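Here's the structure, in structure tokens; my notes come after.
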Amino acid sequence: MAVDEVKNEIDGATEMFQAWEQEHGIRVSPSIHFTGGEPFLFEGLWEVITHARDKGYGVAMMTNGSLIIPDDARKASSLSVSDIQVSLEGPPALHDSIRGKGSFLAAARGVEELVRAGNRVSANVTLSRLNVETIQDTVETAKGMGFYGIGFSRIVPCGRGKALLDRLLSPQELKSAYQKIASLNHPTFEVVSGDPLAGTLSGAALSSGCNLSLAGCSAGFSGVTITSDGSVMPCRRIGLVAGNLRKMDLRTLWASSRLFWRLRKRESYQGKCGSCSFWPSCRGCRAVAYAYSAAQGKPDLFADDPQCWIND
């Protein structure tokens, strides 16, 4: 999408949120996360971020950090980008073995520029058997790089990740990893995971008959992904398209998409996830469930999360 197209879609989303506030008497605090690919490859990045901030959106970014120059760091700070996540796979040698020689140094330089300009920068780690044994070392590496905190998420076996299907953690390995991560969290340095499954370790289960979705996987429920060609998907790691903004406005898509509504209804989840008492606050990771089931030759967006330990 061209810069003007992106700005027009931001305007369309703004109209949707304003209508919600007027019709339902609710306060909406929307945010846009600029990801990729690599967002710093988009020449109009700062123009669309400026437009989003002018419209009242919170803005966050996810980048590999390698393309950041001092001017980018200053612009991010001046526009009050709320959080910039830089990918980190582990200590230097491990990071380079996964992302390519020299990638750690390039990311570290980017982080240095961002922090020097006063930005809030966090590390984002994709967990697999490649790096699960280095969680504590990775946390220490992130501290030394100047991050304020670090977040861990799971690898999704889609795209290039298909080749790493055998590197997915088992349910018990994943549980142990999240317990380790929770134990390292500290008031002066955040060590967290936004994974719905991680939340079950400290959250309370609800009645198995509760159909009100309160939190958990955001796909099609509290967020969507809009790709560079205008396609709207439940999540950037779920390649199913609900529609295209060049053919239908976001408000109509949000309210009428059969795909989104299936994700919001408990009866769509027929397996263990559907009967689980944590369904309202978890629902597993739909991207992992879909990608894993597709790898088995039976793609199912509502399949059980293969890494869930709760119903083992």
Side-chain angles (χ1 to χ4, degrees), residues 1-39 41-62 156 158-159 196 211-269 283-291 293-294 299-303:
M1 298 177 75
V3 170
D4 285 345
E5 287 182 293
V6 177
K7 290 163 71 173
N8 286 339
E9 297 310 333
I10 291 173
D11 292 343
T14 302
E15 292 174 4
M16 176 177 73
F17 295 134
Q18 290 174 341
W20 286 357
E21 290 184 345
Q22 294 171 2
E23 294 171 10
H24 305 292
I26 58 175
R27 178 76 178 96
V28 179
S29 299
S31 63
I32 300 176
H33 292 220
F34 290 89
T35 66
E38 174 51 55
L41 289 173
F42 181 47
E43 293 184 0
L45 178 64
W46 293 117
E47 185 174 348
V48 297
I49 287 179
T50 298
H51 188 73
R53 293 294 292 132
D54 288 344
K55 293 294 182 177
Y57 288 83
V59 169
M61 302 175 68
M62 182 178 289
V156 178
C158 66
N211 294 324
L212 176 62
S213 184
L214 304 174
C217 180
S218 65
F221 168 65
S222 59
V224 296
T225 289
I226 302 172
T227 64
S228 59
D229 65 355
S231 296
V232 181
M233 304 185 298
C235 163
R236 66 192 181 96
R237 293 188 175 93
I238 298 175
L240 299 176
V241 177
N244 192 289
L245 296 182
R246 287 171 170 161
K247 299 179 179 179
M248 185 183 298
D249 64 88
L250 181 59
R251 187 182 185 190
T252 302
L253 252 178
W254 180 266
S256 64
S257 167
R258 182 173 180 270
L259 175 59
F260 290 164
W261 278 109
R262 289 187 69 202
L263 284 161
R264 298 164 188 164
K265 293 181 177 180
R266 185 166 191 154
E267 55 264 33
S268 300
Y269 302 72
R283 300 184 300 287
C285 174
R286 289 302 96 207
V288 171
Y290 181 66
S293 63
D300 182 0
L301 185 58
F302 302 98

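Note that these values count all heavy atoms, side chains included, but never hydrogens, waters or copies made by symmetry. Each residue takes its place number in the sequence, starting with 1. These numbers come from a predicted model, not from an experiment.
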Where [X] and [Y] come nearest, the two heavy atoms and their spacing:
{"X": "L250", "Y": "V224", "result": "CD1-CG2, 4.5 Å"}
{"X": "G37", "Y": "P39", "result": "O-CD, 3.9 Å"}
{"X": "C235", "Y": "T225", "result": "C-OG1, 3.4 Å"}
{"X": "S268", "Y": "F302", "result": "O-CB, 3.3 Å"}
{"X": "G284", "Y": "P196", "result": "O-CG, 3.9 Å"}

> With sequence neighbours excluded, what pairs up with E15 under the salt bridge (charged side-chain N to carboxylate O under 4.0 Å, His left out) test?
Replying inline: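 Checked E15 against salt bridge (charged side-chain N to carboxylate O under 4.0 Å, His left out); zero matches.
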To the nearest 0.5 Å, tell me how far [X] [atom1] sits from [Y] [atom2].
{"X": "I32", "Y": "K55", "atom1": "CD1", "atom2": "NZ", "result": "11.5 Å"}
{"X": "M248", "Y": "S256", "atom1": "CE", "atom2": "OG", "result": "5.0 Å"}
{"X": "W254", "Y": "M16", "atom1": "CH2", "atom2": "CE", "result": "6.5 Å"}
{"X": "K7", "Y": "D54", "atom1": "NZ", "atom2": "CG", "result": "9.0 Å"}
{"X": "M62", "Y": "R236", "atom1": "CE", "atom2": "CZ", "result": "5.0 Å"}
{"X": "I226", "Y": "T35", "atom1": "CD1", "atom2": "OG1", "result": "11.0 Å"}

When you measure from the side chain of [X] to the backbone of [Y], do you find a donor-acceptor pair of N or O atoms at a distance under 3.5 Å?
{"X": "R286", "Y": "A303", "result": "yes"}
{"X": "S231", "Y": "V241", "result": "no"}
{"X": "S293", "Y": "Y290", "result": "yes"}
{"X": "E47", "Y": "G44", "result": "no"}

> Counting only heavy atoms not in E43, do more than 12 sit closer than 6.0 Å to its CD atom?
Replying inline: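 Result for CD/E43: open.
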> Step by step, would you call L263 with Y269 a side-chain contact (heavy atoms from CB on, under 4.5 Å)?
Replying inline: CA-CA 8 Å; L263 284 161; Y269 302 72; 3.9 Å; yes
>> Against the six-membered ring of W261, is R264 placed for a cation-pi contact (under 6.0 Å from the centre, within 45° of the normal)?
In response: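 So R264 does make the cation-pi contact.
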> Any cation-pi pair here, R283 with F221, using under 6.0 Å and within 45°?
Replying inline: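 Flagged: R283 positioned over aromatic ring of F221.
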>> Counting C-beta onward and ignoring hydrogens, is there a side-chain heavy-atom pair between L245 and L253 closer than 4.5 Å?
In response: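 Yes. Closest side-chain heavy atoms under 4.5 Å.
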> Applying the side chain to side chain donor-acceptor pair (under 3.5 Å) test to H51, which of D4, D11, N8 qualifies?
Replying inline: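 Answer after filtering D4, D11, N8: D11.
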> When you look at L45 and M61, which way does the side-chain contact (heavy atoms from CB on, under 4.5 Å) test go after all the steps?
Replying inline: CA-CA 11 Å; L45 178 64; M61 302 175 68; 3.6 Å; yes
>> Please enumerate all residues that pass side-chain hydrogen bond (donor to acceptor under 3.5 Å, both in side chains) together with T252, with sequence neighbours excluded.
In response: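 Partners of T252 under the side-chain hydrogen bond (donor to acceptor under 3.5 Å, both in side chains) test: D249.
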>> Can you pull out every salt bridge (Lys or Arg N to Asp or Glu O under 4.0 Å) where at least one residue sits in residues 27-37? Sequence neighbours excluded, please.
In response: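 Counting only pairs at least two positions apart or across chains, the salt bridge (Lys or Arg N to Asp or Glu O under 4.0 Å) contacts touching residues 27-37 are E21-R27.
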> Under the side-chain contact (heavy atoms from CB on, under 4.5 Å) criterion, do T14 and Y57 qualify, and how do the steps go?
Replying inline: CA-CA 9 Å; T14 302; Y57 288 83; 2.9 Å; yes
>> Assess the residue pair M233 and I238 against the criterion (side-chain contact (heavy atoms from CB on, under 4.5 Å)); give the C-alpha distance rounded to whole Å, side-chain angles, the decisive distance to 0.1 Å, and a yes or no.
In response: CA-CA 7 Å; M233 304 185 298; I238 298 175; 5.7 Å; no
